[in-house]
Amino acid sequence: MKRAFDFFTSLVLLILLSPIFLILIIAIRLTSEDSIFFKQKRIGKDNKEFILYKFRTMRNNTPNVATHLLKDPDKYITPVGKFLRKSSFDELPQLLNILKGDMTYVGPRPALYNQYDLKEMRTRVGVHKLLPGVTGWAQINGRDAIDNIEKVKFSEYYLLNRSVWFDIKIVFLTILKVLKADGIVEGGVKISNKEEYNKTASL
């Protein structure tokens, strides 16, 4: 039933939001010579890789790492990129991922294919069994401003407590977060490593 819900609602939203898609496509095309859509390899359910879609906010020569690891993100961002990121409009193409079945609305954010530590941590606690989401409990509790250990803790909490009502709560809180642009860090955030993770008693 959840898959049917995801398929139907993502299809309807793609149709209803098509005017916004068109406006954003034109804005990106007028301010950047790069492709409109940004495609990136991510880790999905059962650690299987898939291609995630976003509206382009960074230039083609941007290193393929998480944005908060860039020393000077402003050097790579496009003229409309900051607006797209702060408004989270860059995430809208992920409706295509939901339509395809790669993602769902609520779940752990899909890690980059080369975030090996995060992949290992999630696998240890079973979070890798979940379909990745456009938003999630970790997003609500810090987004880019928390380290990998904290992200896994929040994702594990979601794994153990997930329900329809919990999903509704997360969606509602996500909307509030987006409106306030909370938890967005473009550079300099601390990222935990394996040694820090192994010192943790439990996740």
Side-chain angles (χ1 to χ4, degrees), residues 2 6 10 37-58 62 64-70 73 84-162 166-178 180-187 189-192 197 203:
K2 185 174 182 180
D6 284 354
S10 61
F37 294 101
F38 173 66
K39 301 175 183 179
Q40 191 175 52
K41 193 161 42 172
R42 296 290 184 110
I43 300 172
K45 183 179 179 182
D46 297 322
N47 289 330
K48 295 179 180 178
E49 294 180 356
F50 71 98
I51 300 299
L52 178 138
Y53 303 105
K54 286 188 176 186
F55 279 125
R56 179 169 294 281
T57 61
M58 310 292 279
T62 306
N64 196 19
V65 298
T67 307
H68 55 259
L69 294 180
L70 294 172
L84 291 174
R85 295 174 73 86
K86 285 189 176 182
S87 64
S88 292
F89 280 168
D90 62 317
E91 310 282 359
L92 287 178
Q94 287 167 51
L95 288 169
L96 294 170
N97 288 115
I98 296 175
L99 188 69
K100 291 173 59 181
D102 297 325
M103 296 177 64
T104 185
Y105 290 104
V106 179
R109 282 295 294 168
L112 289 167
Y113 74 95
N114 56 2
Q115 288 182 299
Y116 304 114
D117 286 357
L118 182 56
K119 176 182 176 181
E120 180 183 331
M121 293 180 204
R122 287 178 167 178
T123 302
R124 287 192 192 184
V125 297
V127 170
H128 69 297
K129 292 293 183 181
L130 294 174
L131 205 61
V134 175
T135 187
W137 191 230
Q139 294 291 100
I140 297 306
N141 288 280
R143 199 170 179 171
D144 296 332
I146 59 176
D147 62 29
N148 284 349
I149 292 176
E150 291 176 296
K151 287 178 182 177
V152 175
K153 286 181 179 179
F154 285 123
S155 295
E156 185 188 17
Y157 180 86
Y158 174 75
L159 170 68
L160 298 175
N161 297 276
R162 63 192 189 279
F166 195 15
D167 283 1
I168 292 173
K169 176 182 178 179
I170 291 172
V171 170
F172 176 74
L173 292 175
T174 297
I175 294 172
L176 294 181
K177 284 279 185 179
V178 169
K180 293 165 61 179
D182 276 355
I184 299 175
V185 176
E186 297 294 353
V189 72
K190 178 184 69 175
I191 298 298
S192 296
Y197 170 69
L203 285 173

Item checked: CG on Asp167 to NZ on Lys2, rounded to 0.5 Å -> 5.0 Å

Item checked: Distance-minimising heavy-atom pair for Met103 and Val134 -> CE-N, 3.7 Å

Notebook entry, point to check: Are any side-chain N or O atoms of Arg124 and backbone N or O atoms of Met121, one a donor and one an acceptor, separated by less than 3.5 Å?
Noted result: no

Check: Roughly how far apart are Tyr113 OH and Gln40 CD, rounded to 0.5 Å?
Finding: 8.5 Å

Item checked: Presence of salt bridge, Lys119 and Glu49, under 4.0 angstrom -> no

Next item on the list: Answer yes or no: is there a side-chain heavy-atom contact under 4.5 Å between Leu118 and Val152?
Entry: yes

Item checked: Check against side chain to side chain contact (heavy atoms under 4.5 Å, CB included), Tyr157 and Val125 -> CA-CA 10 Å; Tyr157 180 86; Val125 297; over 6 Å; no

Notebook entry, point to check: Atom CG in Asn47, atom CZ in Arg122: separation rounded to 0.5 Å?
Noted result: 9.5 Å

Check: Where the side chain of Asp6 meets the backbone of Tyr105, is there a donor-acceptor pair that is under 3.5 Å apart?
Finding: no

Next item on the list: Working to the nearest 0.5 Å, report the span between NZ of Lys153 and CG of Asn141.
Entry: 12.5 Å

Margin query: The test is side chain to side chain contact (heavy atoms under 4.5 Å, CB included); show your working for Thr135 and Val106 and say whether it passes.
Written below: CA-CA 5 Å; Thr135 187; Val106 179; 4.2 Å; yes

Checklist line | Sidechain-backbone polar pair: Lys177 side chain, Ile140 backbone, donor-acceptor under 3.5 Å | finding: yes

Item checked: Exercise: identify the closest heavy-atom pair between Ser87 and Val178 -> O-CG1, 3.3 Å

Check: Do Glu150 side-chain atoms and Asp147 backbone N/O form a donor-acceptor pair below 3.5 Å?
Finding: yes

Check: How many angstroms lie between CG in Asp46 and NZ in Lys129, if you round to the nearest 0.5 Å?
Finding: 4.5 Å

Check: Can you tell me how far the CZ atom of Phe37 sits from the CD1 atom of Ile51, to the nearest 0.5 Å?
Finding: 14.5 Å

Item checked: Lys54 and Glu91, any side-chain heavy atoms less than 4.5 Å apart -> yes

Check: Which pair of non-hydrogen atoms, one from Lys151 and one from Ile146, has the smallest distance, and what is that distance?
Finding: CE-O, 3.5 Å

Margin query: Is it the case that the side chain of Arg42 and the backbone of Pro110 share a donor-acceptor pair, with hydrogens and angles ignored and the cut-off at 3.5 Å?
Written below: yes

Check: At their closest point, which heavy atom of Pro108 faces which heavy atom of Leu131, and how far apart are they?
Finding: CD-O, 3.8 Å

Check: If every non-hydrogen atom of Leu84 is compared with every non-hydrogen atom of Asp90, which pair is closest and at what distance?
Finding: O-OD1, 3.0 Å

Notebook entry, point to check: Between Gln115 and Leu112, is there a donor-acceptor pair closer than 3.5 Å when you use the side chain of the first and the backbone of the second?
Noted result: yes

Item checked: From CA spacing to verdict: ring pair (Phe, Tyr, Trp, His ring centres under 6.0 Å), Phe166, Tyr158 -> CA-CA 8 Å; Phe166 195 15; Tyr158 174 75; 5.6 Å; yes

Notebook entry, point to check: Is the closest side-chain heavy-atom distance between Thr57 and Phe38 below 4.5 Å?
Noted result: no

Item checked: Shortest non-hydrogen separation from Pro132 to Phe50 and the atoms involved -> CG-CE2, 4.0 Å

